[in-house]
Amino acid sequence: MADDQHEEVSKKVSAEEEIRRGITVMRRVVQGRSRGIILDVCWNNQGQLIEPNGHTLTSFIGALVRNEIPITCDDWRNKELNESKEKIWSEIKRCFNIEEERRGFCMKLAGKLLRGFRTFLSSKFLKDADGNFVDAELPKKYESLISAEEWEAFKSKRQDPVLQRISATNRERASSPAYPYRKGRVGYGRLEQSMLQKEESSETSLPAHVLWKEARVGKSGAPQEEVLHVYQKCEELSQSLSPDDTKGILSRALDVPEYSGRVRGKGFGVTPTSLSIKKGKAPSNRELHARLEAMQAELDALRREREASASTVYRDASDKNSINCTFQPNIPEGISHCQLYLSSPYYRMVGKGKVHNVSGVLLHTRELPAGCLKVSVDIAVEPNAALPYPSDDSDATTVHEAIGSFVAWPTNLICVGYEYVLRILNDNKDAEKLFFIPFNTGGYWLLLAINPIREIVYYLDSLGNDWTTYPDMKVLIDTVLQAFRAQRDIQTSRRGANSITWIKVAWPQQRNQIDCGYFMLRFMRDTLALGRLMIPTDYFEEFKCAFYTKDQVDEIKEEWCQFMIELNVFS
């Protein structure tokens, strides 16, 4: 540990100096101070040391703590250490331009480095290969730091049965980690800094699970499948959890507890407080009761408002001949299985059921509101989601309460699955074309490019996953192509019935968790520009690259914004 903390000097040193390197107080820093050179220290917005000089300060603190604090110290909070801590802090301020508010961080780092030094001494000199205790003499290398009496006391403490059991447990746990850290001495803070600089990003921080994944990428340059699985789970959770959820997404994906004062995947120095995750005092029963009453009042007011609104669009329609209603052309005529969506506060699926697209259909003897269809709700995906039009007959106001009954649903928020896609393919069956199908996994966009005539599906995933990760997606697309084949009267053998070809394209990979949609748009744009119907497995030569640059992503963002403005979406 001591050798790991030193700062290499630029000049050639003698053998004796080489032996003592790392246990002195970093000559380069001290000599610079004597010449009036005070080093600046940088921090990220989460309070972690970063470059320049982050590593230098860490090494300097390690050298100071080894000189000032005895290795027999088991409790870093012991008040008897206050004088030595004050000396350490004074030396830090003499050599580095550092604010007083950073003292807490530096002292915690000093305690961490002291524990690491003790662990190093014990593992290096007091244990054999099997972990058994060895009664070793004081290493000559550390005689200037450790007295003979201190060494004997240290050995005695290391033989304590309680400490031995704790050490054995920790050693076993650390021997085979499920997701080993692969960045050596580069901590999360400097790793994040390096990633942001490499991406030329304007962001000041990255999500914990993005850092966690990158920290487990070794020399091969690719994370293990297990790591990718956890990362993908984090991506999906990030779309469904509330921003105020105090348990981290990474902890949920790993199914491990989140310890107090720790932010998993962010590294030393980051706390819930520094991330502005406030864990306030639990509300009292009286406060909870008051909140419930307020929520109930809001719900009652909303219900009355909706009932008043519904009364203006519903009218008595017992006389069917008076109805002027036709089926919606964008949804198959008749009764079809469907998914039910809501668009506020964000677009998402809230239920499943059947849509009745039949001319002259009534809803409880009343005419349907304009732009709506009659649906029966079978499954509540989001049970507490409010119905777009509450049911007068059943008093249902939520999707869960509407299960087994009929309600009115806006046509533009009804999806009938693959039938609509099949209709588009049939309308274009006389010419070979390439169709793009964006697919959302629940928290992430990927792209499918389909050549239905050749029955080829190009799979493009900017996170590098395989299509087998989403079996429901593959079943859906295969069903569409098989139905399209049948309607074209194409005869195939039983063996050839499932001969649809799926090809994974090695296209540019994203390096953050937010650009998947823009990558998808950029690929469609590049493909349309080339006008080709076949996509090479290693991507188009004209656009081949490991990842899209910031400028390329910004370009597609600007084009997308311009397109939306021209559609008057924001007017």
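As the structure is a prediction and not an experimental result, all values here were calculated from the model. Only heavy atoms go into these numbers, but all of them, side chains included; no hydrogens, no water, no symmetry mates.
Remark: the backbone N or O of Gly371 is paired with a side-chain donor or acceptor of Thr411 at under 3.5 angstrom. Side-chain atoms of Gln48 come within 3.5 Å of backbone atoms of Lys266 as a donor-acceptor pair (strictly under, hydrogens ignored). No donor-acceptor pair closer than 3.5 Å links the side chain of Glu214 to the backbone N or O of Leu211. When atom types are taken as modelled, the side chain of Arg454 and the backbone of Thr501 share no donor-acceptor pair closer than 3.5 angstrom. Looking at Lys183, its side chain does come within 3.5 Å of a backbone N or O of Val217 through a donor-acceptor pair.
Taking all atoms of both residues into account, the shortest heavy-atom contact from Val457 to Leu481 is CG2-CD1, 3.7 Å. When every heavy atom of Leu254 is checked against every heavy atom of Arg264, the shortest pair comes out as CD1-CD, 3.8 Å. Nearest heavy atom pair, residue Ala385 against residue Leu342, reads CB-CD1, 4.0 Å. Contact detail for Ser205 and Asn45: the closest heavy-atom pair is CB-OD1, 4.0 Å. Residues His356 and Val375 come closest through the heavy atom pair CD2-CA, 4.5 Å. When all heavy atoms of Leu463 and Leu228 are compared, the closest pair comes out as O-CD2, 4.4 Å.
Using a 30° and 60° split on the angle between ring planes, Tyr188 and Tyr181 fall in the perpendicular class, above 60°. Aromatic ring orientation, Tyr459 versus Trp502: tilted (interplanar angle from 30° to 60°). Taking the six-membered ring for Trp and thresholds of 30 and 60 degrees, Phe436 and Phe523 have ring planes more than 60 degrees apart, a perpendicular arrangement.
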Exercise. Run the numbers on Phe540 and Arg532 for side-chain contact (heavy atoms from CB on, under 4.5 Å), then give the verdict.
Key: CA-CA 10 Å; Phe540 298 116; Arg532 298 177 187 172; 3.6 Å; yes
Quiz prompt | Criterion side-chain contact (heavy atoms from CB on, under 4.5 Å) on His55 and Leu49, from CA distance to verdict | solution = CA-CA 8 Å; His55 173 69; Leu49 267 175; over 6 Å; no
Exercise. Begin with the C-alpha distance, continue with both residues' side-chain angles, and end with the deciding distance and a verdict on salt bridge (Lys or Arg N to Asp or Glu O under 4.0 Å) for Arg525 and Glu555.
Key: CA-CA 11 Å; Arg525 175 184 180 276; Glu555 182 181 10; 3.1 Å; yes
Quiz prompt | Leu448/Leu460 under side-chain contact (heavy atoms from CB on, under 4.5 Å): CA gap, chis, key distance, verdict | solution = CA-CA 6 Å; Leu448 303 176; Leu460 302 107; over 6 Å; no
Quiz item: What do the steps show when you test Trp43 against Phe105 for ring-ring contact (aromatic ring centres under 6.0 Å, His included), and what is the final call?
Solution: CA-CA 11 Å; Trp43 311 80; Phe105 176 93; 5.1 Å; yes
Exercise. Check the pair Trp409 / Leu373 against side-chain contact (heavy atoms from CB on, under 4.5 Å), numbers first and verdict last.
Key: CA-CA 6 Å; Trp409 209 278; Leu373 286 174; 6.0 Å; no
Self-check item: Trace of the side-chain hydrogen bond (donor to acceptor under 3.5 Å, both in side chains) decision for Tyr470 with Gln232
Solution: CA-CA 11 Å; Tyr470 312 106; Gln232 183 60 36; 3.3 Å; yes
Quiz item: Thr468 and Asp466: side-chain hydrogen bond (donor to acceptor under 3.5 Å, both in side chains), yes or no, with the steps?
Solution: CA-CA 5 Å; Thr468 55; Asp466 194 80; 3.0 Å; yes
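Residues Met534 and Asn451 form a side-chain contact, since some pair of their non-hydrogen atoms from C-beta on lies under 4.5 Å apart. Looking at Arg522 and Gln552, their side chains come closer than 4.5 Å, going by heavy atoms from C-beta outward. The shortest side-chain heavy-atom distance between Val230 and Trp212 falls under the 4.5 Å cut-off. Side-chain contact check for Thr398 versus Pro383: every heavy-atom pair is 4.5 Å or farther apart. Proximity of Leu109 to Phe268: side-chain heavy atoms (C-beta onward) are separated by under 4.5 Å at one or more points. At a threshold of 4.5 Å between non-hydrogen side-chain atoms, the residues Lys352 and Cys338 do not count as touching. Counting heavy atoms from C-beta outward, Ile456 and Ile450 have side chains that stay 4.5 Å or more apart. Side-chain contact between Val210 and Met195 is present, with at least one heavy-atom pair separated by less than 4.5 Å.
Note that the SG atom of Cys372 and the CG atom of Leu363 stand 9.5 Å from one another [nearest 0.5 Å]. To the nearest 0.5 Å, atom CG of residue Leu206 and atom CD of residue Gln193 are 11.5 Å apart. Note: Glu226 CD to Tyr179 OH = 7.0 Å, rounded to the nearest 0.5 Å. A distance of 13.0 Å separates CD1 in Ile414 from NZ in Lys374, rounded to the nearest 0.5 Å. Summarising the geometry, atom CD belonging to Glu51 is positioned 10.0 Å from atom CG belonging to Leu57; distances are rounded to the nearest 0.5 Å. One finds the NE2 atom of His400 at 5.5 Å from the CD1 atom of Ile403 (value rounded to the nearest 0.5 Å).
No salt bridge links Lys504 with Asp461; every basic N to acidic carboxylate O contact stays at or beyond 4.0 Å.
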